[in-house]
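Because the structure is predicted, anything quoted here is derived from the model rather than measured. Protein chains get the first letters and strands the later ones, always in sequence-line order, with residue 1 at the start of each.
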Amino acid sequence: MTNLSHLQRLEAESIDILREAVAECERPVMLYSIGKDSSVLLHLARKAFFPARPPFPLLHVDTTWKFRAMYELRDRIARESGFELIVFRNPEAERLGINPVEHGSALHTDMWKTQGLKLALDQFRFDLAFGGARRDEEKSRAKERVFSFRNAQHHWDPKQQRPELWRLYNARKHPGESIRVFPLSNWTELDVWQYIRAENIPVVPLYFAAQRRVIERDGALLMLDDERLPLREGETPQLRRVRFRTLGCWPLTGAIESDADTLDAIIREMETARTSERQGRVIDRDGGASMERKKAEGYF
Amino acid sequence: MTRETNEVTPRVKDLLRFITCGSVDDGKSTLIGRLLHAAHALPDDQLAALADDSRRFGTQGDDLDFALLVDGLSAEREQGITIDVAYRFFATAKRKFIVADTPGHEQYTRNMVTGASTADLAVILVDARKGLLTQTRRHSHIVSLLGIRDVVLTVNKLDLVGWSREVFEGIEREYREFASHLDFERIVAIPLSALRGDNIRERSAHTPWYAGPTLLDQLETVDAADHGSDGALRMPVQWVCRPDLDFRGYAGRVLGGRVRAGDAVRVLPSGKQTRVARIVGFDGDCAQAQRGESAMLTLEDEVDISRGDVICAADDPAGVADQFETTLIWMDDAPMLPGRPYLVKLGASSVGASFGPPKYAIDVDSFDHLAAKTLELNGIGVVNVSLDRAVPFDAYADNRDMGGFIVVDRYSNRTVGAGLVHFALRRSQNIHWQALDVDKQARVRQNGHKPCVLWFTGLSGSGKSTIANIVERELHARGVRTYLLDGDNVRHGLSKDLGFTDADRVENIRRVGEVAKLMVDAGLVVLTAFISPFRSERALARSMVEDGEFVEVFVDTPLAVVEARDPKGLYRKARRGELKNFTGIDSPYEVPETPELRIDTSTQTPEQATTAIVDALVARGIVRALA
């Protein structure tokens, strides 16, 4: 018997987790953020339940500020993959016209994403939500369980986490409680790219380097995806060869200068990278424990 | 974007999971930080954040404090202890590594057990200045108990004892002597300084007397992955795939051996035998699936399989049993209570369970057996477990995934313990259920109706037997095959050795439940008329048959009414003290909370009650309506 490769082992574990979660809950849903991790998760879900269709819908908690290329991929996936896609926008954020330009990244993220997600889960009465988070992304994620419990207010309590042994996941919960399940917990960014190449998984073209119209602001390279971002004095759009390592709301996501325009080039770049993946994310920067605090409040 | 080395990561590498353990201040977090740094897994911005944190919280002056990198939660950073298991990832040219960093603090032993349960190897740290500590022994014992066979003993902080060869060799000698009581296959001792990086990746100039591998060398080359990869096929069914009427697939993870199309398999616990038809894959069928892979199988014969069943090699199946001797590790603040109902999850089966009193607790420092009545948080003991139904299993020593289980509290839903199966009691694992060709389904087809248990419960004199008798007559007239188990009649035969204490009542109902179960399997509609005063025993009888086959009929007649009727004169005797343990007088009747049917004898005649009951059986699809 030959040893399984690391990608085979990761894939088998993720499929195991997806099936176990579906078997143990009533109303599962898969959060779909359109990024590379979501793309891998969706692919794994199709494999896990084949030849049946995955027995859950996709949920995109929209902020109205995603890159246009992301909306294009999302709509294509909804047409071609056979998944039911639910797009949810927080009506309160919509009513108040919350946006990152006038209201800042913290309020924008809280209203559209954190509150939006809670509202969507409550409205559709989902009791289990799959997410694409990985433990290597951020320090507090390193201690998160694969099956992570949320109380009826969607709060996470790191001190009350259940021990996870072997391949046994305890999915029992009280009415009103919900579970977030992270099948990619043990994957790294590099694993994700290697798997995308091995399985030929479609991803948003913004991950590949191209000439794009950007401005430099507060040390980040922001790509001007539409005309909603007013330029400050002295800012002039310029064409640079850039790509994205991570994708979120476009005014909050910095690009990196890169020539990597193929999967092989991205993987080569990754293997020699000297900066971490989320370094382009503006929302992570307010203090060292920022992600832990957001998670305790219900952020995915 | 250049790097000082020019290694290229090959596409295919394997994966090693290891756990680091040691006492507080032995330098575990520093060691992991150092490994990540040596494997270039620390990006510049994280290093910059670390430099910033080191100045604010660090203990290393202006040097980088790698411990801060790993202690992820802010509470831990402030307290300086690691309170939860953290997973870290790095890769070298040869391998990808997943590190479980587990706390050294005694209270958090449960996290160590968690980390060890998925690890292929353990790195055990010892502070050269302190030598072996109680914690070192405790952690080594747990690691051995959980089936890890490969150990790297790192003697850390050797710089603080002048790189002394004598100190290193003394600790190594003492550890090997201690570990000879454990089940390790290989121990490699390495002298190092995690803080300074000596013998982490490059050989240290300070230890010219040391000829063994550096820590990364050892981790990259040790053949520790996939213990027990040999062995026979085991695949617990997690999920049954039925996209349409033509396809029925069984999804699960192969936890032992391998499977190929055409292989003869036995399905446990039913014991049915068949062959694998296909191994269905997303990109076409697969020739085989091996241990560790997630698979989707179809079988040649139509076999009734549900979640929790295990598909095994036909010539080497797992055991099936409902009672085991186990090692139990308790992980909750509330102690383990013998006799209390818990849930056990083993493979894909979740079953009700209760534990006996510990045979003994284990002192993990001395290996002594201690007398114990219970197990407290972090307690380890040898305990018998009794399950509500038989499940497929292997001994933990033979297959970690088929012999390891978790214990869940029924009320808090917390994971409160972990257990390792030693062996089945009563040797029942060697008696496989004989699968018979004429089964319940065949009898149902011949009878023209489904079987069930009509379980009448109520006070003595409430009218159970009267109503049950009329119901049976009505069903018989409709051509339904029936049998009435009456309380008094059973007491004259099957249960004539039993009295009326609570324990005897429980045993009586258990026997009746078992008999009813056989009769349901025979395809009959079984009517039972017993007081059956306790909820837990009615629940037990219910659990013996399948969902939908148990119809609880609560004959609700107030005590004042039955006492006034008193057809057998029993209440008068009980009131005079001539009858002990009489239900309703000096023994409780626990009213059913959600019976399928409630008969109110103050408003319904026995005939009306009969109509209501028969209508309910029709509505449930058990018997047909009259044409």
Side-chain angles (χ1 to χ4, degrees), chain A residues 1-13 15-16 19-20 22-23 46-53 135-136 138-143 158-168 170 172-174 185-186 188 190-191 194 198 267-269 271-276 279 288-289 292, chain B residues 1-3 8-9 11-15 43-46 49 53 72-74 84-89 91 96 98 110-111 113-114 117-118 225-226 229-230 238-239 241-243 247 249 251 253 258 280 282 290-294 296 307 331 345 348 400-401 404-406 408 413-415 418:
Chain A
M1 210 175 299
T2 51
N3 274 358
L4 298 176
S5 75
H6 73 292
L7 287 182
Q8 286 173 311
R9 266 179 84 166
L10 291 171
E11 180 190 70
E13 178 184 68
I15 288 176
D16 188 11
R19 290 168 171 176
E20 192 65 15
V22 160
R46 295 174 69 190
K47 280 192 147 186
F49 301 99
F50 182 85
R53 270 174 34 177
R135 284 174 176 151
D136 80 324
E138 207 271 341
K139 278 191 281 193
S140 77
R141 293 257 200 236
K143 306 201 168 185
K159 295 217 167 100
Q160 290 295 321
Q161 297 201 91
R162 297 171 181 177
E164 281 178 347
L165 295 102
W166 300 290
R167 290 158 179 153
L168 298 173
N170 169 8
R172 283 176 62 90
K173 57 184 167 25
H174 294 291
S185 285
N186 287 327
T188 62
L190 181 58
D191 298 330
Q194 289 176 332
I267 289 166
R268 262 198 312 277
E269 184 184 283
E271 283 166 350
T272 52
R274 301 301 302 144
T275 52
S276 72
Q279 143 302 139
E292 187 185 341
Chain B
M1 277 192 210
T2 52
R3 202 163 74 179
V8 176
T9 316
R11 291 187 184 195
V12 177
K13 44 183 153 188
D14 65 5
L15 176 61
D44 289 343
D45 55 318
Q46 277 190 22
D53 282 355
L73 302 176
S74 57
D84 205 342
V85 58
Y87 295 92
R88 288 273 154 190
F89 307 86
K96 173 187 162 108
I98 301 180
R110 66 169 194 180
N111 291 317
V113 171
T114 304
S117 74
T118 51
D226 259 5
S229 55
D230 304 330
Q238 282 181 293
W239 186 74
C241 180
R242 296 226 63 184
F247 186 91
R253 187 103 176 252
R258 73 171 113 187
V280 178
F282 189 67
Q290 71 179 58
R291 182 172 180 270
E293 288 186 284
S294 286
M296 173 82 73
R307 174 172 161 83
M331 302 179 155
K345 187 168 182 188
R400 279 160 93 174
D401 293 306
F405 61 87
I406 56 170
V408 177
N413 290 333
R414 284 200 299 270
T415 301

Checklist entry - Is it the case that more than 12 heavy atoms not belonging to B/Arg242 sit under 6.0 Å from its CZ atom? => result yes
Checklist entry - If you count heavy-atom pairs under 4.5 Å with chain B, which of A/Val22, A/Asp191, A/Ile267, A/Leu10 comes out on top? => result A/Asp191
Next on the checklist: Looking at every heavy atom in both B/Asn413 and A/Arg172, which two are closest together, and how far apart are they?
Outcome noted: OD1-NE, 3.1 Å
Item to check | Point-to-point distance, once rounded to the nearest 0.5 Å, from CG of A/Leu7 to CG of B/Leu15 | outcome: 10.0 Å
Checklist entry - A/Leu4 and B/Arg291: which non-hydrogen atoms are nearest, and at how many Å? => result CD1-O, 3.7 Å
Checklist entry - side chain to side chain contact (heavy atoms under 4.5 Å, CB included) between B/Met296 and A/Arg19: does it pass, once the steps are laid out? => result CA-CA 11 Å; B/Met296 173 82 73; A/Arg19 290 168 171 176; 4.2 Å; yes
Checklist entry - Can you list the steps and then say if A/Thr188 with B/Lys96 is a side chain to side chain contact (heavy atoms under 4.5 Å, CB included)? => result CA-CA 10 Å; A/Thr188 62; B/Lys96 173 187 162 108; 3.6 Å; yes
Checklist entry - What's the spacing between A/Arg135 CZ and B/Phe89 CZ if we round to 0.5 Å? => result 6.0 Å
Next on the checklist: So for B/Phe247, is it side chain, backbone, both, or neither that comes closer than 4.5 Å to the heavy atoms of chain A?
Outcome noted: side chain
Next on the checklist: Quick one: does any side-chain atom of B/Asp401 pair with a main-chain N or O of A/Trp166 as donor and acceptor, under 3.5 Å?
Outcome noted: no
Checklist entry - For the atom pair CG (A/Leu165) and OG1 (B/Thr415), what is the distance rounded to the nearest 0.5 Å? => result 8.0 Å
Checklist entry - So, the side chain of B/Gln238 versus the backbone of A/Ala23: is there a donor-acceptor pair under 3.5 Å, distance only? => result no
Item to check | Shortest non-hydrogen contact from A/Leu168 toward B/Phe405 | outcome: CD1-CA, 3.6 Å
Next on the checklist: Looking at every heavy atom in both A/Glu164 and B/Thr114, which two are closest together, and how far apart are they?
Outcome noted: O-CG2, 2.8 Å
Item to check | Sequence-distant partners of B/Lys345, salt bridge (Lys or Arg N to Asp or Glu O under 4.0 Å), two or more places apart | outcome: A/Glu20, A/Glu24
Item to check | Residue A/Glu11 versus chain B: region with a heavy atom under 4.5 Å | outcome: neither
Item to check | Heavy-atom pairs under 4.5 Å with chain B, option from A/Lys173, A/Lys47, A/Arg167 with the top count | outcome: A/Arg167
Next on the checklist: For the interface with chain B, which of A/Ser185, A/Ala198, A/Pro163, A/Ala12 has the highest count of heavy-atom pairs at distances below 4.5 Å?
Outcome noted: A/Ala12
Item to check | B/Ile98, part contacting chain A, at a heavy-atom distance under 4.5 Å | outcome: side chain
Item to check | Donor-acceptor contact present, side-chain A/Arg162 to main-chain B/Val408, <3.5 Å | outcome: no
Next on the checklist: Using a 4.5 angstrom heavy-atom cutoff, name the option from B/Gly249, B/Ala418, B/Gly404 with the most pairs to chain A.
Outcome noted: B/Gly404
Checklist entry - Under a 4.5 Å heavy-atom cut-off, does chain B meet the side chain of A/Arg53, its backbone, both or neither? => result neither
Item to check | Side chain, backbone, both or neither of A/Ala48 within contact of chain B (heavy atoms, under 4.5 Å) | outcome: backbone
